[in-house]
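What follows is one structure encoded as structure tokens, with my remarks underneath.
The analysis underlying the following values was restricted to heavy atoms, covering all of them including side chains, and did not include hydrogens, waters or symmetry mates.
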Amino acid sequence: MSQAAVKAPTVPDANRWKALVFIALAQLMVVLDATIVNIALPSAQQDLGISDGNRQWVVTAYALAFGGLLLFGGRIADLWGRKRAFVVGLVGFAVASALGGAATNEAMMFGARALQGVFGALLAPAALSLLAVMFTDGKERAKAFGIYGAIAGAGGAVGLILGGFLTEYLDWRWTFFVNIPFAVVAAAGAWFVIREPEGARNRNPLDIPGVLLSTLGLVALVYGFTRAESEGWGDAVTVGMFVASVVLLVAFVVTEAKVKAPLLPLRVITDRNRGGIYLSLGLAIIGMFGLFLFLTYYLQIVQGYSPVKTGFAFLPMIVGMITGSTQIGTRLMTRVAPRLLMGPGFLLAAVGMLMLTQLEVDSSYTALLLPAMLLLGLGMGTAFMPAMSLATMGVKPQDSGVASAMVNTSQQVGGAIGTALLNTIAASATTTYVADHIGGAATRSQQQLVQLEAMVEGYTTAIWAAVGILVAAAVIAFTFVNAGKPGTGPAASSEDGAEEELPVPVVAH
């Protein structure tokens, strides 16, 4: 047995719960930003004179920088120290948000969004890895990750409400400025409260080939899916991006297997449990994007909801997320194996998504949408919480930044795939429906009804695909994630980096 298995228990940080407040606040800011800007986009486009063709870059510039640099950001957090990376990420995100709010033209807006992505890629892995190294007791870890998981899941829906309020009653610029007080409070609190455990840094030299190959490979992959949504899957540049991403990422894996101090030690992703979590989380996020994307359009365009009313319509999902994560997940995580929370959680979310396949132009919010979103929230909250905790369990402290970054990377890539794939399915079904039914519509009102019915047909067809993807996430969780409940031992990491099965918890008590 390695020395790591019999090491004396560490004394927990006295300020860990105060630290959680500021870590959670930073996470909320990053998650809010993903949806809050989408609601502000039409107003910003009009004010800044952004063309329809370039509009997507407000979202794409952020996604490319964030998705492409996550692994690098996680490694920087391991190298610099998570607290320093966390504070620098917050300050940089605040500055980028101020630039976005003050933008006077499209170039300034795109640059600000890319800069937000750069600092977000430093901030997000640092936040998750701080939790991983500060909360080592099983029950405390369950509570901490329950709160974090609830924010990670529900923050996007909160962003819809806040974005609606700010855009409708103030100005779209406030969807950027609102980040500044979040960042200032979180950075100040983190600086004075967080005490990072000693000996947790990875002081190996930076793997420059790994950084370049992973960044370029992930950027090509995310951009390929983003472009496929607007230009089609057969577009030459889209295909070229996919080919380039495969070549670059294969070269990255080969490089990581050979270099002495890899950017992403392959042991982090080849572990059965972590690999299963990264894969199932990525798939689940694809399904989640189906909900946000199509329900936002459905409520605003088909049902005629205002932005604020649309945001409030997502409240049942927020309630479900928080309940699933902080009540069900937290209470059961120390009692049952993680797969018995993740698998059923994804299946419950799939049932909620299945209900939404019954959407019609005049569907009742109370009878259909409310219970569907409640089930989705409960399922996702229950599944996300143990997934995020287990993804960083059994990892050497020096690797916790890149292990955390892989959680974010699987979500970011899942989001890019989800948007492109589900939008393509919806658009195809809508076009087919219009072609089949428009001939029988004689009057203008009948033609408008066909258009609305076609949109709903597109949404429900794509939602069927999301149901299948969520079921696949559940199957992967059941089959890949074989860790027992805390105390019966998934793999723990020895000090030399080898992983071994131990009949003790992977957390120190």
What distance separates [X] [atom1] from [Y] [atom2], expressed to the nearest 0.5 Å?
X: E457; Y: L452; atom1: CD; atom2: CG; result: 13.5 Å
X: F182; Y: L25; atom1: CZ; atom2: CG; result: 6.0 Å
X: Y223; Y: S245; atom1: OH; atom2: OG; result: 13.5 Å
X: I269; Y: L279; atom1: CD1; atom2: CG; result: 11.5 Å
X: L70; Y: R75; atom1: CG; atom2: CZ; result: 15.5 Å
X: I438; Y: Q451; atom1: CD1; atom2: CD; result: 5.0 Å

| Any pair counted as ring-ring contact (aromatic ring centres under 6.0 Å, His included), so long as it reaches residues 329-364, sequence neighbours left out | none

| Pairs touching residues 455-475 that satisfy ring-ring contact (aromatic ring centres under 6.0 Å, His included), sequence neighbours left out | F294-Y459

Any side-chain heavy-atom pair from [X] and [Y] closer than 4.5 angstrom?
X: L341; Y: V336; answer: yes
X: L299; Y: L369; answer: yes
X: Q116; Y: N179; answer: yes
X: F119; Y: L115; answer: yes
X: L347; Y: F478; answer: yes
X: L71; Y: F252; answer: yes
X: M373; Y: M321; answer: no
X: F225; Y: F242; answer: yes

Minimal non-hydrogen separation, [X] against [Y], with atom names:
X: L69; Y: V118; answer: CD1-CG2, 3.8 Å
X: G379; Y: L348; answer: N-CD2, 3.8 Å
X: V456; Y: L359; answer: CG1-O, 3.4 Å
X: G352; Y: A372; answer: O-CB, 3.4 Å
X: A121; Y: A65; answer: CB-O, 4.3 Å
X: L422; Y: A466; answer: CD2-N, 4.3 Å

| CZ/F177: more than 12 non-hydrogen atoms of other groups inside 6.0 Å | yes

| message | Looking at E360, I'd like to know if its CD atom is crowded, meaning that more than 12 non-hydrogen atoms belonging to other residues, nucleotides or ligands lie closer than 6.0 Å. | response |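 At most 12 heavy atoms, drawn from other residues, nucleotides or ligands, come within 6.0 Å of this atom.
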
[X] side-chain N/O to [Y] backbone N/O, donor-acceptor pair under 3.5 Å:
X: R272; Y: F480; value: yes
X: N105; Y: L48; value: no
X: R339; Y: A477; value: no
X: Q45; Y: I50; value: yes
X: D171; Y: W174; value: no
X: Q358; Y: S363; value: no
X: T238; Y: G234; value: no
X: S325; Y: I322; value: no
X: T215; Y: L212; value: no
X: E256; Y: L264; value: yes

| task | Could you give me the CA-CA distance, side-chain angles and deciding distance for W172 and L166, then say whether side-chain contact (heavy atoms from CB on, under 4.5 Å) is met? | result | CA-CA 7 Å; W172 66 265; L166 293 172; over 6 Å; no

| task | Determine, stepwise, if the pair L283 / L470 fulfils side-chain contact (heavy atoms from CB on, under 4.5 Å). | result | CA-CA 7 Å; L283 287 171; L470 283 172; over 6 Å; no

| request: Could you walk me through whether Y365 and Y305 pass side-chain contact (heavy atoms from CB on, under 4.5 Å), step by step? | output: CA-CA 11 Å; Y365 175 82; Y305 282 29; 3.8 Å; yes

| Side chains of Q447 and R444, donor plus acceptor under 3.5 Å |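 No, no side-chain donor-acceptor pair sits under 3.5 Å.
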
| message | When you compare the side chains of T366 and S364, does any donor N or O come within less than 3.5 Å of an acceptor on the partner? | response | no

| query | Step by step, would you call T357 with V467 a side-chain contact (heavy atoms from CB on, under 4.5 Å)? | reply | CA-CA 9 Å; T357 61; V467 171; 4.3 Å; yes

| Picking from L356, L295, L354, what satisfies side-chain contact (heavy atoms from CB on, under 4.5 Å) with I463? |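 Filter result, single survivor: L356.
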
| task | Could you note down all residue pairs passing side-chain hydrogen bond (donor to acceptor under 3.5 Å, both in side chains) where residues 422-433 supplies at least one of them, sequence neighbours left out? | result |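 Qualifying pairs: E229-N423, W233-T424, Y433-E453.
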
| task | Please state whether the rings of F165 and Y169 are parallel, tilted or perpendicular, taking 30° and 60° as the class boundaries. | result |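 Taking Y169 first and then F165, their aromatic rings sit tilted (interplane angle of 30° to 60°).
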
